[in-house]
There are 2 protein chains.
Amino acid sequence: MRKTDRLSELMTILRDGQVHKADDLALATGVSLRTIYRDMEVLVASGVPVQGARGTGYQAQALITLPALHLTEDELEALHLSLAILGESGMEGLADAAASLSAKIEQVLPEDSDSAGEGFGFAAYPFDGAARGVRHMPGLKAAIKARQKLRLRLQTGGAEVIRPLQVDYWGRVWRAIVWSETQAGFAEIRLDQIAEMTVLPGLFVDEPGKSLSDYRAS
Amino acid sequence: MRKTDRLSELMTILRDGQVHKADDLALATGVSLRTIYRDMEVLVASGVPVQGARGTGYQAQALITLPALHLTEDELEALHLSLAILGESGMEGLADAAASLSAKIEQVLPEDSDSAGEGFGFAAYPFDGAARGVRHMPGLKAAIKARQKLRLRLQTGGAEVIRPLQVDYWGRVWRAIVWSETQAGFAEIRLDQIAEMTVLPGLFVDEPGKSLSDYRAS
DNA sequence: TTCCTCCTGACATTAAGTTGTCAGTAGTGA
DNA sequence: TCACTACTGACAACTTAATGTCAGGAGGAA
């Protein structure tokens, strides 16, 4: 039996949530006790919620394994937004579950060292903030498509008239890349910093020095 | 360098969405061309959206990797419900992304062979059905807690007065385990088969032969 | 057609990982 | 305190996986 198959089998056995002695697991899988201890270590390290109690045995909680997924940005956005919506729904139990799932997801999402990024020196991604920020996503995207100017009031208090150019997921935050008319320059605005967003009647066209490709060239 | 580290590094390089020649990847990671070809095969097999074009090079799409997660049932419920809600929201683009993400998740969730289960012989888990079914989850759970009887009308047309005992995720479906007064027996009802659910004024107490532990003993 | 670069199989060699045995430690409940 | 069972380190032996070299093939663009 290959090791990965054996780990799978262990998880199947443990899925019942009952207490299992290492000896029995060893018998069931045909390996030594020492190997079971090692396997349990591997399972724990990979995030499987199983505990071993001395004198008792091993017990896992209800256990559904979602293997690695590769997501597009749209899919990640959908995931964030949907959990945020549920998290604020007040549905008993579900809001908590959405929060804990969201925390698990944030825990494992890659964080590029580059994205430590100046100005973003927060240690954790606050769930409430993400909910508020992600809410603006659809409106921002519509404005980008329609080339519509927006007025943003940020949590820091300032208001800016901007041309939204792009929304992306950079590091562990959703951000908008904008040309700010108020500041006459490019800006990267975290969506969770947006307190209020108002659609303005003015449209914009690509002007030299103010377009997305200019931003990228800088 | 360990293989897994190298695969990680390859993904980091490819994340920029640009075209990369295998030769350059080999130089960057210090292995032979043949090994790069093998590595790319492994990445593709694991779901990474990367393609190699002959004469050109390798290119990946925007790429966010969510490693394996271990969820509780509550968290899976939250995930299903939240995506279902977003999927029906009509938000442009997001409903599609929620659907595609949901499909990815269903694709990889474990399906116990036991759960092929008689009567459930469907090949795929229809998204629409899941949305409708998951909707009843909160009401069911409240009724279980309050020991409230319910009248269910199923998609097959029948109506039953039931005592809801438990909701769980079995195989790839959410189901309710109930004592059906109409049929005088236990039943397992897929949530997506519930067309309508009405709360009745009657409460129930555990009667011998009709409780959850009786179900489990059978 | 030529060039460029991905693609695949085979095989000997090399590298890495895994295992069981043994010894010793430790926590919990009766 | 004792019994039960999880826990950890070390090491030799064994197993499995990975690698590079070589040869040959294939698709797409200029």
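Sequence lines set the chain letters: A, B, ... in the order given, protein chains first and strands last, and positions in each chain run from 1. Only heavy atoms go into these numbers, but all of them, side chains included; no hydrogens, no water, no symmetry mates.
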Checklist entry - Taking CD from A/Q59 and C1' from D/dA6, how many angstroms apart are they, rounded to a whole number? => result 14 Å
Checklist entry - How are the rings of B/Y58 and B/Y37 set to each other: parallel, tilted or perpendicular (split at 30° and 60°)? => result tilted
Next on the checklist: Protein within reach of the bases, or only the backbone? For nucleotides 17-30 of chain D, mark each nucleotide 5' to 3' as B, S or -, using heavy atoms under 4.0 Å.
Outcome noted: -SBBB---BBBS--
Next on the checklist: Looking only at the side chains, is there a donor atom on one of B/Y215 and B/E188 sitting less than 3.5 Å from an acceptor on the other?
Outcome noted: yes
Item to check | Integer-rounded Å distance: D/dC7 P and A/E41 CD | outcome: 9 Å
Checklist entry - C/dT5 P sits how many Å from B/L25 CG, rounded? => result 12 Å
Checklist outcome for this item: To the nearest angstrom, the CG-P distance between B/D23 and C/dC7 comes to 13 Å
Next on the checklist: Measure CD1/A/I36 against P/D/dA6 and give the value in whole Å, please.
Outcome noted: 10 Å
Checklist entry - Between A/Q61 and B/T72, does any side-chain donor sit less than 3.5 Å from a side-chain acceptor? => result no
Next on the checklist: Just the rounded figure in Å: distance from C1' of C/dC6 to CG of B/L43.
Outcome noted: 15 Å
Item to check | A/K21 NZ to D/dC7 C1', straight-line distance once rounded to whole Å | outcome: 16 Å
Checklist entry - How many Å lie between CG on B/D24 and P on C/dC4, as a whole number? => result 14 Å
Item to check | A/Y37 side chain near D/dC7 phosphate (N/O to OP1/OP2, under 4.0 Å) | outcome: no
Checklist entry - B/Q193 and B/R175: side-chain donor and acceptor closer than 3.5 Å? => result no
Checklist entry - For residues B/R216 and B/Q166, is any side-chain donor paired with an opposing acceptor at under 3.5 Å? => result yes
Checklist entry - Any luck finding a side-chain donor-acceptor pair between B/S211 and B/D214 under 3.5 Å? => result yes
